[in-house]
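Working notes for the structure below.
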Amino acid sequence: MYSMSDKSALEQLIDNDEFSNRLNLDRKTYGLVFDRRTLNAVYYLIKKYSIDYVDFPISSGKESLIFKVVGMNKKSYALKIYKMSTLKFSNTMDYIKGDYRFEKERINRTNLVYIWAQKEYTNLKDMKKSGIKVPIPYGYYKNALLISYIGTRTEPAKQIKNIETDFNALYEKIKTFMRKMYKDAHLVHADLSEYNILFYRNNPYIIDVGQSVSVKHPMALEFLRRDIKNINNFFSRKNVKCDDEYLFNYITGDVND
Ligand SMILES: Nc1ncnc2c1ncn2[C@@H]1O[C@H](COP(=O)(O)OP(=O)(O)OP(=O)(O)O)[C@@H](O)[C@H]1O
Ligand SMILES: [Mg+2]
């Protein structure tokens, strides 16, 4: 089914011992992630976006695998592959149910993970349009998502939890993004913390927005308060003056600044 010229990228993805070692994948996980449907999804994106090769693995989490891949045009991308079977069904449904954008979908265990990729793609688009720094979404297919890579040639950008910088200035930028997200993109991140913000060229980049919900979601304000708590906890530890109530009003209120 794959022609010779397609083989290099796919072969690297499947057969590269080095990456399976580096990712510490046991055989079980390996099998779970790269099932047939996943390979087909990856293959589709590799073809459509002229991906030349897989450079290195970026992250291996419970719910996704992320690789740096490079296009024929030498452009770098991040390829995020959602694991088919570990996405927690009932948990995940909370973020989809009540989101009017996905009401028409008939959701089951198989297509849930596809909706997740689509949801992250759409959320990234909306956030980017609102002027928030996020990875640019290029395309998705089934459980695979192609976005811009953030980092240098050899190293992905660090999470803000692992950097040294002027945290007061960083806090101001993140506050602005949180307000834009609510006011302009009409979204709540719903998993915002020092883990899901990268730092690149002196700017924060918001990532991991698959679970982000519309402000109309019945739990939106609850999620927003949790995001505020996480962010303020982190910045308080960096000696930034933070106040949950103030930030809530700053994000949702009518203040013009
Ligand atoms: N576009 C990107 N460019 C560079 N690195 C990225 C990019 N997207 C994600 N990463 C890295 O991969 C990690 C995991 O990504 P993400 O948070 O989107 O996935 P996840 O499934 O939630 O994983 P986890 O459960 O580890 O949070 C990030 O913390 C970040 O270090
Ligand atoms: Mg994450």
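Note that ligands are numbered from 1 as they come in the structure, with each ligand's atoms numbered from 1 the same way.
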Protein residues having a heavy atom less than 4.0 Å from any atom of ligand 1: I58, S59, S64, I66, A78, K80, P135, I147, S148, Y149, I150, P156, Q159, Y195, N196, L198, I207, D208
Protein N/O/S atoms under 2.8 Å of the Mg ion (ligand 2)? N196 OD1, D208 OD2
If hydrophobic residues (ILVMFWY) are linked whenever their side-chain heavy atoms come closer than 4.5 Å, directly or via other members, who joins I207 in its cluster? I150, L198, Y200, Y205
Whether K75 engages the ring of Y77 as a cation-pi pair (distance to the six-membered ring centre under 6.0 angstrom, angle to the ring normal within 45°) should be assessed. yes
For a quick check under 3.5 Å, do N40 and Y141 share a side-chain donor-acceptor pair by atom type? no
Residues in salt bridge (Lys or Arg N to Asp or Glu O under 4.0 Å) with K175, at least two apart? E172
Checking ring pair (Phe, Tyr, Trp, His ring centres under 6.0 Å) against Y171, which of F235, F177, F234 comes through? F235
Taking atom types as modelled, is there a side-chain donor on Y82 or E120 under 3.5 Å from an acceptor on the other? yes
Using a 6.0 Å distance limit plus a 45 degree cone around the ring axis, check whether K158 lies over the aromatic ring of F199. no
Does a side chain donor of either N143 or T38 reach within less than 3.5 Å of an acceptor in the other side chain? yes
Consider only side-chain heavy atoms of I, L, V, M, F, W and Y, link residues closer than 4.5 Å, and tell whether Y195 and I160 are in one cluster. no
